[in-house]
2 protein chains.
Amino acid sequence: MPTLTPTGDEPAPLGRNEQAVLGALRRSRAARSAYDILDEVRDAGLKAPTQVYRALEKLVKRGLAHRIESLNGFVACRHPQDQGFAAFAICTRCGAVRELADEALIAPLRHWAGAEPFAIEHVTLEVRGLCPACAGG
Amino acid sequence: MPTLTPTGDEPAPLGRNEQAVLGALRRSRAARSAYDILDEVRDAGLKAPTQVYRALEKLVKRGLAHRIESLNGFVACRHPQDQGFAAFAICTRCGAVRELADEALIAPLRHWAGAEPFAIEHVTLEVRGLCPACAGG
DNA sequence: ATCGCGAGCGTTATACTATAACAAAACAAG
DNA sequence: CTTGTTTTGTTATAGTATAACGCTCGCGAT
Ligand SMILES: [Zn+2]
Ligand SMILES: [Zn+2]
Ligand SMILES: [Zn+2]
Ligand SMILES: [Zn+2]
């Protein structure tokens, strides 16, 4: 029998690998590739891409990290309270990734989802351009 | 002096490689990877990934094809009249990709863009889930 | 205790995606 | 024709992701 989880589901604490990877993501304002992360967490004992990918998969499932499709990279979640959709503004010059919680952006998607005969599992919304700092100067 | 284009910019006809790649995309209702495409256009004389990627780059620049970030794949454009944003509904079961021209989906993005101090270059909006055919049965 | 099973982790190897770098050929101007 | 410019072909390599397998650990059954 698989390990019995007593009540509903305890979140189960993060393993050493997950903690190391999440730490690396939190320290960065830009998205990091799995191999970038690997370079940074070698000290913590991770030695192969698989370990990083496994940790990332768990973190993403829990909503503690997000995958940025247009960069083949990952970021730590900055809006832990959100369930479901996430959106990102990505600066093409400095690489900064800002997680958008803007309801004005997300509500229309929910509305569309209600009207369309399409069972949504996940939405990717990534806006690329220049952040104020990079555009202004 | 670089080749002078007489008036504004003539679209310039597609080369053999672009035509072959675009044909492969149009024949498919799912997104195709560059290597998938390569397998299909070997007959037409393309022999290396670079050639496919170059053709894809030109097609995307012209708006005749789109990259689907969440699949590392490409589709032919089905709404040639659209300028700017494109959005996609992707079935995770059958792989069908539908290009969404729905103004209800796109207008909020334009609105957000106007209000935010962020200079948008490109928007990726990909909705993953089950298409009616795959969800219904 | 200890045996057996299943889940997860570490490790190696490999598949898939994308681009760099250079050679050859096509094209336009003079 | 000659030369500079641009495109196309070719080879090699970089970057991203997963498959496969064996080991260990924790837990329940004997
Ligand atoms: Zn988040
Ligand atoms: Zn910036
Ligand atoms: Zn289109
Ligand atoms: Zn389907």
Side-chain angles (χ1 to χ4, degrees), chain A residues 1-6 9-22 24-25 30-62 65-75 92 95 124 126, chain B residues 1-6 9-22 24-25 30-62 65-75 92 95 124 126:
Chain A
M1 188 187 283
T3 305
L4 179 58
T5 315
D9 45 59
E10 297 266 338
L14 294 177
R16 260 179 272 293
N17 291 359
E18 284 92 355
Q19 286 182 34
V21 169
L22 183 55
L25 290 180
R32 314 285 311 266
S33 79
Y35 282 72
D36 273 354
I37 295 167
L38 178 55
D39 286 340
E40 186 169 334
V41 296
R42 282 228 156 80
D43 301 338
L46 287 85
K47 285 170 187 160
T50 311
Q51 300 173 277
V52 175
Y53 280 106
R54 286 208 272 240
L56 287 168
E57 186 181 7
K58 287 181 185 168
L59 293 171
V60 168
K61 264 187 194 144
R62 280 208 197 191
H66 299 287
R67 177 178 175 80
I68 305 296
E69 303 283 359
S70 63
L71 296 175
N72 292 331
F74 299 83
V75 294
T92 52
T124 298
E126 299 174 9
Chain B
M1 188 186 282
T3 304
L4 178 57
T5 314
D9 45 56
E10 297 266 339
L14 293 176
R16 260 175 271 294
N17 292 358
E18 285 91 354
Q19 287 181 33
V21 169
L22 183 55
L25 289 180
R32 316 284 312 264
S33 80
Y35 282 74
D36 274 352
I37 295 167
L38 177 56
D39 286 340
E40 186 169 334
V41 296
R42 281 229 156 80
D43 301 338
L46 286 85
K47 285 171 188 161
T50 311
Q51 299 173 277
V52 176
Y53 279 105
R54 287 209 272 240
L56 286 169
E57 185 181 7
K58 286 182 185 167
L59 292 171
V60 169
K61 264 186 192 142
R62 281 206 195 192
H66 299 287
R67 177 178 176 78
I68 306 296
E69 302 283 359
S70 62
L71 296 175
N72 291 330
F74 299 83
V75 294
T92 52
T124 298
E126 298 173 10

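Just so it is clear: chains get the letters A, B, ... in the order the sequence lines come, proteins before strands, and each one is counted from 1. Note that the structure is predicted; figures quoted are calculated from it, not measured.
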Partner residues of A:Glu126 under the side chain to side chain donor-acceptor pair (under 3.5 Å) criterion, sequence neighbours left out: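 Scan of A:Glu126 (side chain to side chain donor-acceptor pair (under 3.5 Å), adjacent residues dropped) gives A:Ser70.
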
Return the set of residues passing side chain to side chain donor-acceptor pair (under 3.5 Å) with B:Asn72 (not counting sequence neighbours), or none when no residue passes.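 With sequence neighbours excluded, B:Asn72 shows a side chain to side chain donor-acceptor pair (under 3.5 Å) to B:Arg67, given in chain and number order.
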
Listed nucleotide nearest any side-chain atom of A:Phe74, set C:dG10, D:dA17, D:dT16: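 Minimum distance to the A:Phe74 side chain belongs to D:dA17.
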
Where along residues 41-60 of chain B does a heavy atom come under 4.0 Å from DNA chain D, residue by residue in number order?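 Within residues 41-60 of chain B, the residues near DNA chain D are B:Lys47, B:Ala48, B:Thr50, B:Gln51, B:Arg54, B:Lys58.
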
Check for a donor-acceptor pair, side chain of A:Gln19 on one end and backbone N or O of A:Arg16 on the other, with a separation under 3.5 Å.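 Not confirmed, A:Gln19 side chain does not pair with A:Arg16 backbone.
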
For A:Ile37, does its backbone N or O pair with a side-chain atom of A:Glu40 as donor and acceptor, under 3.5 Å?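 Answer holds: no.
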
Stacking between A:Tyr35 and D:dT16, defined as ring centres under 5.5 angstrom apart with planes under 30°, is that present or not?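 Yes, A:Tyr35 stacks on the base of D:dT16, since the ring centres sit under 5.5 Å apart and the planes are within 30°.
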
Would you indicate whether the side-chain heavy atoms of B:Arg62 and B:Leu14 approach each other to under 4.5 Å?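 Counting from C-beta outward, B:Leu14 and B:Arg62 do come under 4.5 Å.
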
Drop me the distance from A:Ile68's CD1 to B:Glu69's CD, to the nearest 0.5 angstrom.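 One gets 11.0 Å once the value is rounded to the nearest 0.5 Å.
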
Between the axis at one end of the helix from C:dA1-D:dT30 to C:dG30-D:dC1 and the axis at the other (five pairs apiece), what's the angle to 10 degrees?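 Comparing the first five pairs with the last five, the axes sit 10° apart.
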
Quick check: on DNA chain D, is the nucleotide nearest B:Asn72 upstream (toward 5') of the one nearest B:Asn17, or the reverse? Name the residue that is more 5'.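 With B:Asn17 and B:Asn72 compared, the 5'-side residue is B:Asn17.
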
Identify whether any heavy atom of B:Arg67 sits under 4.0 Å from a base atom; if not, whether one sits that close to sugar-phosphate; answer base, sugar-phosphate or nothing.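 Since only primed, P, OP1 and OP2 atoms lie under 4.0 Å of B:Arg67, the category is sugar-phosphate.
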
Residue pairs passing the salt bridge (charged side-chain N to carboxylate O under 4.0 Å, His left out) test where at least one lies in residues 41-56 of chain A, sequence neighbours excluded: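 Passing the test, one end in residues 41-56 of chain A: A:Asp39-A:Arg42.
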
Can you list everything that forms a side chain to side chain contact (heavy atoms under 4.5 Å, CB included) with A:Ala44? Sequence neighbours excluded, please.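 Side chain to side chain contact (heavy atoms under 4.5 Å, CB included) check on A:Ala44 returns A:Ala20, A:Leu46.
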
